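Reminder, nothing fancy here: chain letters follow the sequence lines and each chain counts from 1. No hydrogens, no waters, no symmetry mates; every other heavy atom, side chains included, goes into these values. In this text, all values refer to a predicted model and were calculated from it rather than measured experimentally.
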Number of protein chains: 2
Amino acid sequence: MAKNVFFFGEGKSDKNLFGGKGANLGEMIQIGLPVPPGFTITTQVCRDFMITGKYPENLDAEIAEAIKKLETKTGKKFGDLNNPLLVSVRSGAPVSMPGMMDTVLNLGLNDNTVKGLAKKSNNERFAYDCYRRFLHMFGDVVLGVEHSLFEATIESLKKDEEVELDYELSVDALKKLISKYKDLIKKNTGKDFPQEPVAQLKGSVDAVFKSWNSKRAITYRRLNQISDEMGTAVNVQTMVFGNLGESSATGVGFTRNPATGENKLYGEYLLNAQGEDVVAGIRTPRPIQELNNEMPNAYADLVKAYELLEKHYKDVQDFEFTVEEGKLYMLQTRSGKRTAHAAVKIAVDMVKEGLIDKKGAVLSVDPASLDQLLHKGLDPIAKNKAQLLTKGLPASPGAAVGEIAFTAAKAKEMAEEGKQVILVRTETSPEDIEGMSIAQGILTARGGMTSHAAVVARGMGKCCISGAGDLNINEDTLSMTIKNVKFIEGDIITLDGGTGEVFKGKLRVVEPVLSGAFSELMSWADSFRKLKVKTNADTPHDAEVARKFGAEGIGLCRTEHMFFDKERIVAVREMILAHNLEGRERALAKLLPMQREDFIGIFKAMDGLPVIIRLLDPPLHEFLPHEEEEMKEVAEQMDLPVSDIRETVESLKELNPMLGFRGCRLGILYPEITVMQARAIMEAAMECQRRGIKVIPQIEVPIVGNVKELVMIKELIEKVAVEIGAKGKVKYQIGTMIEVPRAAITADEIAPEAEFMSFGTNDLTQMGCGFSRDDAGKFLKLYVDRGIYARDPFQAIDREGVGKLMQICVEKARSVKPKMEIGICGEHGGEPSSVEFCHLIGLNDVSCSPFRVPIARLAAAHAALKYPQH
Amino acid sequence: MAKNVFFFGEGKSDKNLFGGKGANLGEMIQIGLPVPPGFTITTQVCRDFMITGKYPENLDAEIAEAIKKLETKTGKKFGDLNNPLLVSVRSGAPVSMPGMMDTVLNLGLNDNTVKGLAKKSNNERFAYDCYRRFLHMFGDVVLGVEHSLFEATIESLKKDEEVELDYELSVDALKKLISKYKDLIKKNTGKDFPQEPVAQLKGSVDAVFKSWNSKRAITYRRLNQISDEMGTAVNVQTMVFGNLGESSATGVGFTRNPATGENKLYGEYLLNAQGEDVVAGIRTPRPIQELNNEMPNAYADLVKAYELLEKHYKDVQDFEFTVEEGKLYMLQTRSGKRTAHAAVKIAVDMVKEGLIDKKGAVLSVDPASLDQLLHKGLDPIAKNKAQLLTKGLPASPGAAVGEIAFTAAKAKEMAEEGKQVILVRTETSPEDIEGMSIAQGILTARGGMTSHAAVVARGMGKCCISGAGDLNINEDTLSMTIKNVKFIEGDIITLDGGTGEVFKGKLRVVEPVLSGAFSELMSWADSFRKLKVKTNADTPHDAEVARKFGAEGIGLCRTEHMFFDKERIVAVREMILAHNLEGRERALAKLLPMQREDFIGIFKAMDGLPVIIRLLDPPLHEFLPHEEEEMKEVAEQMDLPVSDIRETVESLKELNPMLGFRGCRLGILYPEITVMQARAIMEAAMECQRRGIKVIPQIEVPIVGNVKELVMIKELIEKVAVEIGAKGKVKYQIGTMIEVPRAAITADEIAPEAEFMSFGTNDLTQMGCGFSRDDAGKFLKLYVDRGIYARDPFQAIDREGVGKLMQICVEKARSVKPKMEIGICGEHGGEPSSVEFCHLIGLNDVSCSPFRVPIARLAAAHAALKYPQH
């Protein structure tokens with residue numbers, strides 16, 4: 001029969017079996033730290049219970065034996081009138097889930113042992129207070145009596161006794177309360193409160209195991225991507241008391257400052273108190289250093305202990321301790337949560353201190369947390385006091401304060417008046433680009449993490465909150481309501497793009513500062529990673545920003561974004577509205593010099609680095625106006641009857657534009673568009689070369705599903721290269737996006753014709769999973785809540801589905817061209833778990849928006865360190 | 001060096017190398033038939049030439065040698081003044097492409113040899129007529145002088161000579177014409193007409209090879225799915241003349257009647273004439289049997305020859321012959337084209353005659369041709385005289401005559417008045433179903449072969465032409481124009497759904513007759529095929545029709561089609577518009593008894609056969625009105641403010657409904673819908689069992705992309721089964737559609753949860769290839785024209801792409817469940833090449849609309865006979 005119960009320190013430390021808490025307590029004992037003795041019931045028991053609904057047959061016996069051992073060790077005894085053994089029963093999962101599961105303290109108290117505790121502590125008030133707390137906790141956690149009933153009982157008693165605070169209750173009052181609590185339990189459960197400690201223990205262990213599947217625990221796991229299957233362990237530990245008089249204390253500490261990273265013990269304590277008093281905020285805890293004055297010996301022990309802890313774990317520790325009558329006990333330790341800023345400093349410091357190596361340093365910083373470092377943030381103190389209006393999706397990090405504008409035009413107008421603007425829209429469209437670019441931040445009522453607003457804002461490194469469903473925008477009256485609060489143009493709001501929170505009024509914004517430690521850490525990361533990190537950039541400015549963030553090239557330059565400029569859109573529309581080739585070519589001739597200038601700017605910014613330029617991708621109707629008013633405007637502008645515009649708009653309308661006339665299909669029907677773009681790229685490259693700039697253009701063909709499409713577009717490009725004399729002079733490459741499932745499946749046919757490939761995982765997810773990112777909002781949230789997808793597949797690559805398509809593609813492509821350069825340029829390229837997956841399947845590079853480049857660099861290093869064999 | 005030139009009969013008959021014509025001529029010689037001697041230049045030469053642009057070095061020498069051999073054999077000589085050798089130069093590809101490539105006749109004539117021909121034939125007029133024809137043909141085909149220039153020259157000469165017909169020209173006039181033709185050639189090519197027969201031959205061979213890539217040949221190949229790569233052979237054959245006097249003749253024949261299949265020589269001939277005269281229609285040819293009176297010997301030889309031919313080829317032959325001065329020559333033979341009716345009769349007859357076996361008989365009938373047998377057709381004579389208005393896509397076969405109605409409501413009204421109606425719409429939508437069902441035929445201006453109109457019409461076995469782009473429908477004035485001809489409501493038109501032709505006025509319609517031979521042939525087919533053939537049917541009527549056509553179950557019953565009924569749509573809308581679960585359940589309770597009755601009807605019709613019922617699939621907005629007028633109507637009907645309707649319509653609007661809130665996603669968000677449907681199915685099954693009907697219900701979950709979706713829906717169904725006591729009593733199965741690429745890719749995860757799988761290749765094509773069938777019209781036609789896809793992937797499965805996804809799915813599913821039953825229920829299930837593919841990848845069944853069931857049965861037999869190892 002399997003062993004289910006382990007004494008702390010017994011056996012090899014194993015987080016998966018003992019949980020984080022149990023393993024740490026054991027380890028602390030093993031390295032000689034003073035820990036109150038106890039034992040762990042393994043996570044295996046929990047896992048089996050979840051499946052079978054039963055506990056192992058031998059569990060009760062094992063627990064009884066462990067208790068006996070504990071009694072021997074402490075000299076105390078369960079139920080003993082003079083020297084009763086009291087224990088805590090706590091959860092402890094392999095992954096920390098603070099506060100999410102249940103805990104029972106002071107277990108072992110009953111009508112008899114409370115007297116023993118009173119005698120031993122020489123503090124009757126304390127003993128009865130413990131007992132009433134235990135009854136409350138046990139009643140709530142184990143017996144399922146509503147927490148609020150206990151609260152109501154004590155409140156009513158305090159009124160009767162005419163006191164205001166719990167600790168003002170007299171011993172007699174506490175005894176009354178205990179009696180009332182017992183009645184409450186009897187009334188609500190039909191049974192008496194169990195006086196027998198063994199029964200108390202059995203009930204508590206069961207309750208703690210079951211709390212693994214409490215609603216809040218499940219929710220927490222979902223939010224933190226923790227597997228439902230790992231289960232929790234249960235730790236039973238001898239109680240020690242920090243409230244046995246002035247030589248007792250309790251406190252918490254961090255081995256280093258978790259906010260700044262400073263290498264100095266950080267924490268606080270309370271004399272003559274229990275742990276919960278530190279948190280409760282009734283008395284103000286004192287800085288930990290002051291303990292040295294009051295209990296120099298205990299403090300010296302504590303210093304020794306914390307130094308030992310950090311040395312042992314080679315990581316910042318967050319620990320709890322109690323001093324019972326002068327003796328220090330370490331109650332818990334775990335890896336300390338820290339700000340990104342602190343994480344970076346600590347990592348670099350620890351390398352310098354020789355505590356960890358560079359690999360460890362790189363691995364100690366969560367790539368996703370870097371977002372905090374790279375963007376403005378809100379002053380946390382200001383945030384605590386501010387009025388939260390609603391929460392949307394954290395579409396693009398950063399903080400922004402400004403006056404509301406409901407249209408892009410108005411936003412521009414206000415910005416020109418020198419105002420700071422927040423652009424608030426139901427959804428944004430490509431025509432809003434200019435308004436978005438001058439706004440401080442963007443807030444939309446609809447759309448997900450990959451909506452237009454989100455994608456563009458991330459590209460701009462601009463704060464954006466999307467899909468804030470509480471927003472009710474009335475575009476006629478230029479106003480909106482959020483949960484019945486009305487806002488008009490010019491009202492000030494503040495956005496926290498990192499959390500999705502929208503606040504009323506102006507909050508203080510804190511600027512990001514990149515430390516030297518950051519650069520140092522990133523340089524280590526770069527030395528480990530195998531994936532190259534490129535950026536998605538459509539403008540020279542974005543390209544420069546990304547380069548500063550360490551981008552090693554452009555992985556995706558979307559040419560269509562260049563088409564929305566006010567002056568250009570006229571020519572674009574002229575092309576679309578032309579009735580024949582001649583008309584289209586005339587319009588394209590106007591666009592040619594503009595596109596050429598765009599590319600010159602980008603090539604210049606990327607001097608020496610490769611630049612992937614994607615040919616025109618979106619359906620043409622995206623460039624046309626759709627509202628009657630706008631159509632009239634455009635008609636006037638173009639000197640055409642409005643019916644012409646309407647007809648073209650109508651004829652280009654698509655039922656499923658995602659699966660419509662776009663990508664290379666445009667170039668196959670209208671080769672002149674491809675020819676113009678190829679020409680602009682080649683001419684720009686030649687011009688740059690004349691100026692001494694090193695250009696490495698890679699022309700990318702979008703929406704290829706069939707190798708013959710690629711062949712046809714290639715022919716057009718090659719012809720242009722020959723015609724303008726770029727052939728042999730410019731070292732261009734022609735490759736393809738892999739975003740249509742058919743392309744992935746036939747990658748062995750496509751590979752011979754492609755000089756590089758780049759996954760467009762947004763579209764690949766849409767087509768592969770069969771849901772449009774614009775429409776999936778209706779069900780995708782529920783899908784993630786219900787666990788159908790572990791995470792939103794538009795945020796992190798769906799490894800089991802879309803990922804498999806990617807793997808098939810890589811295998812097929814490399815089967816015919818082993819050195820095929822394959823990258824990814826969707827939004828996933830800057831998301832750590834997706835970057836890891838790209839490493840695992842052997843891609844060459846990832847590309848992401850400029851502000852995510854450092855995240856991708858660090859994530860790539862993590863992946864390479866975790867999976868060196870890939 | 002490879003041998004490029006083969007004398008007829010030399011070497012093993014090989015169509016791929018010698019072309020069909022060359023191989024047949026050789027075979028005819030080998031079986032002892034009289035064939036004018038000649039030789040074949042292989043298709044390999046053509047293939048090489050297409051790649052390298054050059055002919056083999058030794059080709060000229062080989063041809064010279066062959067000519068020498070020909071001269072020896074015939075005793076005639078190239079360029080000989082007295083007995084000149086004249087040859088024909090003809091193309092001959094491995095697959096017949098009649099009239100698509102070039103031919104040169106009478107080669108070898110020049111200013112000298114024409115005299116020899118005159119002397120030998122004792123017919124100067126004939127000789128000079130040959131010469132002027134040769135000049136014309138050679139000038140046009142080999143030298144590239146416009147055909148019209150020769151025409152203009154002869155026309156002008158006829159005017160000068162004051163004659164009306166070519167053959168009225170005198171010998172002198174012909175000589176004048178010859179001189180003018182030579183001038184014309186000189187003027188247009190800058191060179192003299194080549195008098196030298198060897199030069200003539202070289203030019204002609206080159207021209208015939210090059211005609212493989214003429215525009216019309218390429219177009220023909222595209223239309224007939226013939227590979228561009230096979231190339232043509234060139235046949236050089238001694239000319240024989242059917243016009244050397246009254247003992248000469250020429251004719252064509254079929255070994256059996258190609259229209260009726262009757263086993264009787266069928267053909268016609270002309271005395272003293274050349275082959276082209278038979279076709280030209282100047283003289284009326286006589287029935288072939290009359291030749292027996294005029295040339296009993298030649299006729300006896302002909303009878304022997306044709307009997308030998310059929311016996312050798314074991315197939316109806318279409319042959320050409322010439323009698324030169326009493327001697328019969330067979331000039332060509334090939335498999336004879338026949339009507340479907342004839343094909344079936346001939347196949348069955350030949351088995352009875354012991355000429356072929358049942359396998360051969362089954363293989364001799366083209367599955368697609370059965371469409372002709374199962375549907376009404378137009379009287380071909382009437383068709384020839386009728387006014388063709390335009391041509392659309394042949395969306396659903398059959399013929400229909402009726403008065404035009406432009407709305408479904410009007411169509412119904414007119415039908416109720418006893419009129420025959422053609423429903424003419426820009427596009428149809430589900431709301432038109434009732435109008436479609438009472439119409440004789442349906443004509444739409446937009447939409448492809450898989451548009452709503454096309455799919456529904458095929459399901460109904462009703463004639464439909466879709467995507468007739470020339471139609472310009474004005475719904476306000478209830479009129480339309482087709483190429484400027486105006487039509488109003490009530491005007492009569494005729495549709496040929498088999499060809500897509502639209503005619504003005506009323507044409508005679510011929511009813512289909514299914515012969516006994518048909519049943520016999522189909523029973524043979526059934527004995528060979530491995531694939532089961534099921535049907536897509538949503539009503540008891542369709543189910544009965546399909547069963548008569550041999551369906552072995554229902555492969556797809558779309559429950560949503562049951563929702564569009566006038567009475568039901570109200571309840572459906574009530575459900576959609578409900579604001580809460582209670583409201584939805586109230587509306588669903590109304591639908592439950594109706595759905596139950598539907599299923600009872602269908603189970604009854606399919607007594608003893610399995611029925612796959614698909615749960616609700618389309619996005620909910622499809623059930624809502626979209627026009628303001630309709631919304632008002634519905635609002636009144638439901639006693640709701642119109643704003644409510646508008647809001648719901650707005651909130652359900654999707655950018656890409658194909659990839660939206662549909663399929664199992666509906667049931668996961670609104671489990672009550674699934675519960676109602678499951679209940680209706682189970683209750684219907686139990687009721688049927690009470691009535692002694694054998695029911696085998698298979699519940700199919702649509703749009704599954706992730707196994708967890710299937711698991712959740714299954715749970716709902718199983719719960720219903722337990723609740724209503726069907727568990728253990730009804731032998732139901734639960735399976736899934738495979739239509740989302742992710743489902744195909746993860747079939748090994750899905751398989752353990754699915755009791756059957758069925759490919760929805762329409763959606764799989766849309767998502768796999770990334771084009772919506774509704775929107776792809778814009779480019780897909782060009783894609784097929786340019787050869788990017790060999791065929792429209794919505795018509796025939798794209799084996800290289802979508803087919804690969806299917807293969808992956810089958811392999812993965814069977815890797816965990818080797819006996820997994822997998823079928824297909826998209827529109828492809830009734831298309832022969834797709835059926836073949838389904839056989840090749842080991843599916844268990846195909847399902848198609850009722851009228852395609854026989855096609856699928858025959859196609860499945862073909863596949864099994866051609867690929868018995870699969």
Side-chain angles (χ1 to χ4, degrees), chain A residues 619 651-663 665-666 668-669 703-709 711-712 739-746 749 763-780 782-783 786-789 793 798 800-805 807-808, chain B residues 619 651-663 665-666 668-669 703-709 711-712 739-746 749 763-780 782-783 786-789 793 798 800-805 807-808:
Chain A
S651 77
L652 287 176
K653 217 176 234 172
E654 297 187 304
L655 282 176
N656 295 287
M658 240 286 305
L659 306 176
F661 181 45
R662 53 180 290 229
R665 298 162 192 169
L666 297 170
I668 287 172
L669 252 74
I703 302 289
V704 164
N706 186 312
V707 62
K708 292 185 191 165
E709 296 173 303
V711 168
M712 283 185 189
E739 49 196 333
V740 173
R742 195 187 189 282
I745 293 288
T746 60
E749 289 169 27
D763 273 348
L764 196 61
T765 301
Q766 298 196 84
M767 297 180 199
C769 295
F771 37 66
S772 136
R773 72 180 190 200
D774 296 303
D775 305 313
K778 214 164 269 128
F779 52 88
L780 206 50
L782 184 81
Y783 266 45
R786 304 274 303 266
I788 295 175
Y789 286 93
D798 157 37
E800 291 73 29
V802 176
K804 243 172 231 162
L805 272 175
Q807 267 179 294
I808 291 173
Chain B
S651 78
L652 287 176
K653 216 177 236 173
E654 298 188 303
L655 283 176
N656 296 287
M658 240 287 305
L659 306 176
F661 182 43
R662 54 179 291 228
R665 297 161 192 169
L666 297 170
I668 287 172
L669 252 74
I703 302 289
V704 164
N706 187 311
V707 62
K708 293 185 190 164
E709 296 173 304
V711 168
M712 284 184 188
E739 49 196 334
V740 174
R742 194 186 189 281
I745 292 288
T746 61
E749 290 170 27
D763 273 347
L764 196 61
T765 301
Q766 298 194 84
M767 297 180 198
C769 295
F771 36 65
S772 136
R773 73 179 190 200
D774 296 303
D775 305 313
K778 214 165 267 127
F779 52 88
L780 206 50
L782 184 82
Y783 265 44
R786 304 275 302 266
I788 295 175
Y789 287 92
D798 157 37
E800 291 73 29
V802 177
K804 242 172 231 163
L805 272 175
Q807 266 179 294
I808 291 173

**Student:** Need one label for Arg662(B): side chain, backbone, both or neither, based on atoms under 4.5 Å from any heavy atom in chain A.
**Tutor:** neither
**Student:** Quick one: closest heavy-atom pair of Leu659(A) and Met658(B), and the distance?
**Tutor:** CD1-CE, 3.7 Å
**Student:** Taking side chain to side chain donor-acceptor pair (under 3.5 Å) as the test, write out the residues that go with Gln766(A), two or more places apart.
**Tutor:** Asp763(A)
**Student:** Could you walk me through whether Lys804(A) and Glu749(B) pass salt bridge (Lys or Arg N to Asp or Glu O under 4.0 Å), step by step?
**Tutor:** CA-CA 13 Å; Lys804(A) 243 172 231 162; Glu749(B) 290 170 27; 3.1 Å; yes
**Student:** Between Ser651(A), Ala743(A), Cys769(A), Gly660(A), which shows the greatest number of heavy-atom pairs under 4.5 Å with chain B?
**Tutor:**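 So the answer, after comparing Ser651(A), Ala743(A), Cys769(A), Gly660(A), is Cys769(A).
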**Student:** Are any of the side-chain heavy atoms of Ile668(B) and Phe779(A) separated by less than 4.5 Å?
**Tutor:**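 Answer no - side chains too far apart.
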**Student:** Got a sec, which residues hit side chain to side chain donor-acceptor pair (under 3.5 Å) with Asp775(A), two or more places apart in sequence or on another chain?
**Tutor:**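 Listed in chain order: Ser772(A).
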**Student:** Using a cut-off of under 4.5 Å for heavy-atom pairs, which of Leu655(A), Val740(A), Leu652(A), Ile745(A) has the most such pairs with chain B?
**Tutor:**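 Most pairs with chain B among the choices: Leu655(A).
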**Student:** Highest number of heavy-atom pairs under 4.5 Å with chain B: which of Arg665(A), Glu654(A), Glu800(A), Met712(A)?
**Tutor:**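 Most heavy-atom pairs under 4.5 Å with chain B: Arg665(A).
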**Student:** With only heavy atoms counted, which part of Glu739(B) is less than 4.5 Å from chain A, the side chain, the backbone, both or neither?
**Tutor:**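 Interface part for Glu739(B): neither.
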**Student:** Hey, which of Leu669(A), Thr746(A), Leu666(A) has the most heavy atom pairs under 4.5 Å with chain B?
**Tutor:** Leu669(A)
**Student:** Checking heavy atoms, do the side chain of Leu782(A), its backbone, both or neither come under 4.5 Å from chain B?
**Tutor:** side chain
**Student:** Report the distance from atom NZ of Lys653(A) to atom CG of Asp774(B), rounding to the nearest 0.5 Å.
**Tutor:** 14.0 Å
**Student:** Would you check, one step at a time, whether the test side chain to side chain contact (heavy atoms under 4.5 Å, CB included) holds for Glu709(A) with Tyr783(B)?
**Tutor:** CA-CA 9 Å; Glu709(A) 296 173 303; Tyr783(B) 265 44; 2.5 Å; yes
**Student:** Who among Gly768(B), Ala744(B), Gly705(B) has the most heavy-atom pairs with chain A under 4.5 Å?
**Tutor:**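 Of the candidates given, the most pairs with chain A belong to Gly768(B).
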**Student:** Report which part of Ile703(B) has an atom under 4.5 Å of a heavy atom belonging to chain A: side chain, backbone, both, or neither.
**Tutor:**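 Answer is neither: Ile703(B) stays 4.5 Å or more from chain A.
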**Student:** Quick one, Asp798(A) and Arg742(B) - any side-chain contact, counting heavy atoms below 4.5 Å?
**Tutor:**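 In short, these two side chains touch, coming nearer than 4.5 Å.
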**Student:** Determine yes or no for a side-chain-to-main-chain donor-acceptor pair under 3.5 angstrom, with Lys708(B) supplying the side chain and Tyr789(A) the backbone.
**Tutor:** no
